Enquirer: 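Below you will find the structure I want to go over with you.
The basis for the numbers below is simple: all heavy atoms, side chains too, and nothing from hydrogens, waters or symmetry mates. Just so it is clear: chains get the letters A, B, ... in the order the sequence lines come, proteins before strands, and each one is counted from 1. Values in this document were obtained by computation on a predicted structure and should not be read as measured data.
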2 protein chains.
Amino acid sequence: MPAAAIPAPPWRAPKKAPAARQPLSAEAVLSTALRLVDRDGLDALSMRRVAQELGTGAASLYAYFANKDELLEQLLDRVVGEIPLPRADAPDWKAEVKRACFASRNVFRSHRDLVRVARANIPTGLNSLRYAEALLALLRGAGIPDRICAWAMDQMSMVIIADAVEQSIHEELGRRTEAEPYLNQVRDYLAALPADEFPNLVALAPTMIEGSGDERFQFALDLMIDGLATYARPSGGAA
Amino acid sequence: MPAAAIPAPPWRAPKKAPAARQPLSAEAVLSTALRLVDRDGLDALSMRRVAQELGTGAASLYAYFANKDELLEQLLDRVVGEIPLPRADAPDWKAEVKRACFASRNVFRSHRDLVRVARANIPTGLNSLRYAEALLALLRGAGIPDRICAWAMDQMSMVIIADAVEQSIHEELGRRTEAEPYLNQVRDYLAALPADEFPNLVALAPTMIEGSGDERFQFALDLMIDGLATYARPSGGAA
DNA sequence: ACCTGAACACCGTTCAAGT
DNA sequence: ACCTGAACACCGTTCAAGT
């Protein structure tokens, strides 16, 4: 039995601070950044803080990422990789599209407000490309014309991201103010408007905040997918 | 004729720099801020720069705005005020909704990437409220149920803002790189992907960037409004 | 009472000087 | 050749000290 296998006695253990646990790599940087976002939110993510967490200076990160934007882009792609890919051979394409949309939303929601970095479409990360490829396969398999497929994919990601962003902002807002639930405040504000100038807003104040987030998202998806279905092959199923 | 009315001889005129032309007010701050955004984009807007433009220090702005976010919120509301209100008594509600959506998009587009600040819905500025009121009057007039009206209004602003944000990002990107048009680069990138792993993306590379922004926006709106129409009073016109 | 210069606690990014 | 401390040029916000 080699002596090296014997554990060092604990009382003489940590010679140095346990800072540099990982030898620094793009992977290590991304993991650390994601952990920080999950813990403190996107606004708290700075190059300096990520570096500090890794036991080095901010300048060292620029060996792996050209700038902060590139780091964020790759961070988002990493998260996109957590979304299960839709199956092109699903028996019911509409149900599969809807499932994929909900899955995407759930993944984005599980990483605080990171989704806010998803702005310009047509992302170029590997995971994003794989996802786009799978979705296109599903839509084309349903007999939807190419041009409509491309537009629909854009539309869908727009709706998903917008919904996730809105939700995340409400949550971050609610996290800061521990007073009344945010939506109740909105309702009360609208209800208190002068009824002669804003009759419809006052009348709809309770309705405006009604319906869980899921219901609203469902509504948006149905509007879009049902519209999409008019372009699909009549059968309604994949080949 | 009082002596004070005689203009000072020009050769002894400007004692001080002509900086403080306006006596500083929320209005003056907003005008200046909007001018800066229109000229240099949202990222170039800082409290310090706005103050400098007004010939004072950044601290002075905090007499009129609690913080930068509040300034941005009011700035956006000011721009929303430029959108013509939809008319509730329009003969064809679908056409009127579509016109309103295009008008909103055009106004947002005319102020660089300011639209990026429009994130959480349910804004509370006066102009935003007036717009929401007018849109609700139009939708309810079409016989659409209250709950659907509320959701649809959210959906519409989501689509408009997302489209304007995407467009503005492409434009800001194109402003920085004077190389090939951005969309052409995207197409070439997609076309160059390995065809065995990404057959659909490669096949659709030309289609993906096809269709002007207007066509795509039109498509998104039609999808939504046609879906909305299934909830409306069958007549299709306002009362 | 009002205004604001200077300070505070941060940023992203660069680069010369070290190893 | 690689890494990084320190510097640069900014931020938003606060507040004491002036008028």
Enquirer: Please work out which residues in residues 59-74 of chain A have a non-hydrogen atom less than 4.0 Å from an atom of DNA chain D and list them by number.
Expert: A:Ala59, A:Ser60
Enquirer: Taking CZ from A:Arg48 and P from D:dC11, how many angstroms apart are they, rounded to a whole number?
Expert: 15 Å
Enquirer: Does some side-chain heavy atom of B:Gln155 sit less than 4.5 Å from a side-chain heavy atom of B:Ile160?
Expert: no
Enquirer: So, are B:Glu197 and A:Arg130 salt-bridged, with charged N and O less than 4.0 Å apart?
Expert: yes
Enquirer: Rounded to whole Å, how long is the line connecting atom CG of B:Asp43 with atom C1' of D:dA9?
Expert: 16 Å
Enquirer: With a 4.0 Å cut-off on N to O distance, would you call A:Arg35 and A:Asp40 a salt bridge?
Expert: no
Enquirer: Return the nucleotide paired to C:dC3: Watson-Crick means purine N1 to pyrimidine N3 with N6-O4 or O6-N4, wobble means G-U with N1-O2 and O6-N3, both under 3.5 Å.
Expert: none
Enquirer: Which nucleotide in the set C:dA7, D:dT4, C:dG12 lies at the smallest distance from any side-chain heavy atom of A:Thr56?
Expert: D:dT4
Enquirer: D:dT19 and D:dC15: how far apart are their C1' atoms, nearest whole angstrom?
Expert: 16 Å
Enquirer: Return the nucleotide paired to C:dC11: Watson-Crick means purine N1 to pyrimidine N3 with N6-O4 or O6-N4, wobble means G-U with N1-O2 and O6-N3, both under 3.5 Å.
Expert: none
Enquirer: Could you tell me how far apart A:Met47 (CE) and C:dC10 (C1') are, to the nearest whole angstrom?
Expert: 16 Å
Enquirer: Write down the atom of B:Leu201, the atom of A:Ala132, and the distance for their closest heavy-atom approach.
Expert: CD2-CB, 4.1 Å
Enquirer: Verify the contact: side-chain N or O of B:Arg49 to OP1 or OP2 of D:dC11, cut-off strictly under 4.0 Å; return yes or no.
Expert: yes
Enquirer: Evaluate the side-chain proximity of B:Val117 to B:Glu73: yes if any heavy-atom separation is below 4.5 Å, no if none is.
Expert: no
Enquirer: For A:Ser168 and A:Glu172, does a side-chain donor sit closer than 3.5 Å to a side-chain acceptor?
Expert: no
